[in-house]
Amino acid sequence: MQLDKVYEPQRFEPRWAQWWVESGIYRAEWQPGRPVFSLVIPPPNVTGSLHMGHMLEHTEIDVTVRWHRMRGDITLWLPGTDHAGIATQMVVERQLASEGLDRRAMGREAFEERVWKWKAESGGTIKRQMIRIGASCDWSRERFTLDPGLSRAVRETFVSLYEKGLLYRGEYMVNWCPRCQTAISDLETMHEETAGHLWHIRYPVVGRDRVLVVATTRPETMLGDTAVAINARDERYTDLHGKTVRLPLMDREIPIILDDIADPEFGTGLVKITPAHDVNDFEAGKRHALPMIRVIDESAKITAAGGAYAGLDRYEARKRVVEDLEKLGLLDSVQDYVLSLGKCSRCKTAVEPLVSKQWFVRTKPLAEKAIAAVDEKRIEIIPENWVKTWNEWMHNIRDWCVSRQLWWGHRIPAWYCDACGETVVSRTDPASCPKCAGTLRQDPDVLDTWFSSGLWPFSTLGWPDKTDDLKHFYPTTLLITGFDILFFWVARMSMLGIEFMGDVPFRQVYIHGLVRDAEKQKMSKTKGNVIDPLVVTEEYGTDAVRMALLSGAAPGTDIVFTVDRIDSARAFANKIWNAARFLFLNMERCGVDPWMAEDVNGWLPDAGAPVEDRWIFSRLNGCAREMNRSIEQYRYHEAAQTVWHFIYDDFCDWYIELKKLRFVESSGLNDDWRNLLAVFESLLRLLHPVMPFLTEELWHRLGADEEKSISLSAFPRFDPARYDSEAENEIGLLQNVITALRGLRADLSLDPKLPLEGRISREVDFRAVQKLAGVTLAVGDVPKSGAVRSTADFNLMIDVPHGQLEAQKKRLEKEREQLLKNIANSQRQLSDEVFLSKAPAKVIDSIRAKLGEYEAQLRKIEDSLNG
RNA sequence: GGCCUUGUAGCUCAGUUGGUUAGAGCGCUCCCUUCACACGGGAGAGGUCCACAGUUCGAGUCUGUGCAAGGCCACCA
């Protein structure tokens, strides 16, 4: 039963991790009448591996989940992974490229097979890693977004949205990534400030000796211009209404239109219109029924419609267009210009706005319900400040382009008839066109990854079937996730959940912070500043990493994470380990067999028990209150700090030290031991959600049943009746006396081992004083001179040679200064009529009481200074 | 351009509803290898709570302005 001298988590963490999974103890079994806590994991990319952000997220989730479980709730943490369409496809494409292969050459089926193979190989990594960090998930309910059940949910959703008129197919301007060769949503397009130019080009007016100067950041798009816009109110150009201009290079005559798109205040007040390659121009083109000329294709090359420039890359074409304009004397001027350029969030390629036929979800009606849900607190977002961001985005939401020109994902359940042009959207694969019996062709595209993850809280529970799991666990209680996917994911789940389940997908959303490095930089592979959770987990132990993360996890703030933090967390674990070691060594020495209270949460020392026993249970109770409150409010850093202080300060520094006085000579299990063991066990329970491995290990060493887990034991609850003010006061006094004596020793530079004698003005536990301060005290009158310390509660003095009193004097003088300041301060307030008439009596009384204490102390100090 | 967040000890951060001596960890100084633990123990030093103004009997905490830093959103040629 002895413990190794040093805490080595590597020796037991993997064992418990494995046992927690194999024993199946975290399988959620519903029973009537018990509260339910359910949560679905934000599914990580199936082919990814755990980074520090995951570890933080999973630790916060796990603390909450373990706490709920220990409080007796039926607790479900549903794990799983996401197929991550573009991301995964890109990874596999890169692999293929390194083998000299190309997905187009190998064909769709072979490519999909290849991705599944890659998923089979690397898809288990996340799960293994989650198990290793102690995530207490219900693995029997693990899901993957491409599972057959979830695919059925996707299809049901698609078809149903189509039937409700909330999904349509149409030709619109989309963000096109020429490298990924697919449309991407607005959210996947990052706008970056990029240095560019503003080219001013001369367009000659037909039939007049006049040129119009238009400005553009993308001269190559002029090849597709079909109009020039002016504002009807712009008096500079009233004479040009109804006229046309000749488009340079293309030798095309295009109309001058009147449209508000042209702002008279900006530049020349003229705008060239390229309906096929600019969102605003597209809209203007529709308003004026302008022809749409596509001059740039899916690979960002100029099309045949681009005349002499056909086949050129867009940037090459830009150069040539500018050169040619210059030669013709049609380039008016060029100025530097910073523009906000849309880039693909995956590959950073500049996005090309293209008109193309895509599927869109009509989001407005869905968003309205999501806004209302947050408004009415049916979904509570924590911290609250995200509500504003949420509302702003929801109110300005645009239709969601959900089709992707990829091969990895859910194939769109739409078929087109070549013969009659019919579109069939169906839950089952249709054999032929229902209209003309012609041959059908399925849409080659797949759905946006977020379409399927948007269904996650209910698709994972069996929807569209009416399952028991849905009935019991939906809506989920809580979602813990990062703000980076608030719109991508949380918003979509909310909209789709409300639409299809008729209820919100989660009652609360807790948004955690970002993990940053010592320089407050985001951790990223490219910056090379990542701390790999698995590396540090191996080196320091999972518990230490969890504690290190949580200790900085205040709501609404990012977490600065350094190895220093892990170091001190491991020191903390080591401290507990050694406290346990102390217990076990002494149990053996005293012939105490392992013992556990039947109901440790109901355990209380007798009224006649030693005061430190009554005190520690009073403290434990306070710690339980803080822990419960903190975790309930997602104040993880406070929970960590609370248990940290209870263990270091109350338990180790005072309780164990005081306790040593009691049982050194004892033999066998007595009340002293029972109290000590009961506190220790409770402490393990309090700590368990934060440090599950260490606590499970020690709990079993304490004698817990082999088949039982501390994670299924009851979490200590707060009971106000357990506050023992008498014990708190008595130990508080003792602590003050001992601290004062130690302080005296330090002030006077006395040898710590030198036995000292002294006097004190009142009764305290002299054995404790002797043991912890090395001073033998006697009760009696305290001489005014000598090495003295005083508080409102006591005076004390120790006998030392006179020569050593100088240091003491300095200290007393310093104390006197402070007291005089405090007294002046208190007196000032107490003589302030307005303060006395307006401040609550409680505050005034406490100041009066304090003033009394200050004055009493001051008298004592002055006595000894003068004496 | 709109919105959000942050500014407290050398560093990283706490500070619940405004209550008078502002806390922790790490780091630093001094002392101690005492029979659980040097991954330890003890005693300390260190702060005009970014600035200014306001509300209040009372402001680190509330309001406004400014300065500084970070982030999110947005189709302005």
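Remember, predicted model here, so these are calculated numbers, not experimental data. Residue numbers begin at 1 in each chain, while the letters A, B, ... track the order of the sequences.
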Looking at [Y] and [X], is there a salt bridge between them, counting it only when a charged N and a carboxylate O are closer than 4.0 Å?
{"X": "A:Glu539", "Y": "A:Arg570", "result": "no"}
{"X": "A:Asp4", "Y": "A:Arg11", "result": "yes"}
{"X": "A:Lys272", "Y": "A:Asp225", "result": "yes"}
{"X": "A:Asp747", "Y": "A:Arg789", "result": "yes"}

It should be established whether [X] places a side-chain nitrogen or oxygen under 4.0 Å from OP1 or OP2 of nucleotide [N].
{"X": "A:Lys388", "N": "B:G2", "answer": "no"}
{"X": "A:Lys771", "N": "B:U34", "answer": "no"}
{"X": "A:Arg742", "N": "B:C32", "answer": "no"}
{"X": "A:Asn825", "N": "B:U21", "answer": "yes"}
{"X": "A:Thr557", "N": "B:A14", "answer": "yes"}

Exercise. Base, sugar-phosphate, or nothing for A:Ala262, non-hydrogen atoms under 4.0 angstrom?
Worked result: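 Base contact - A:Ala262 has a heavy atom under 4.0 Å of at least one base atom.
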
Taking atom types as they are modelled, is there a donor-acceptor pair under 3.5 Å from the base of [N] to the side chain of [X]?
{"X": "A:Gln829", "N": "B:U20", "answer": "yes"}
{"X": "A:Glu657", "N": "B:A36", "answer": "yes"}
{"X": "A:Asp564", "N": "B:C26", "answer": "no"}

Exercise. P atom, B:A22 versus B:A9: distance in rounded Å?
Worked result: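 The answer is 14 Å between these two P atoms.
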
For this session: Tell which nucleotide pairs with B:G19, taking only Watson-Crick or G-U wobble pairs whose two distances are both under 3.5 angstrom.
Result: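 Check on B:G19: paired to B:C57, both distances under 3.5 Å.
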
Problem set entry | For B:A51, the Watson-Crick or wobble counterpart (both distances under 3.5 Å) |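 Its partner is B:U65 (Watson-Crick or G-U wobble, both distances under 3.5 Å).
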
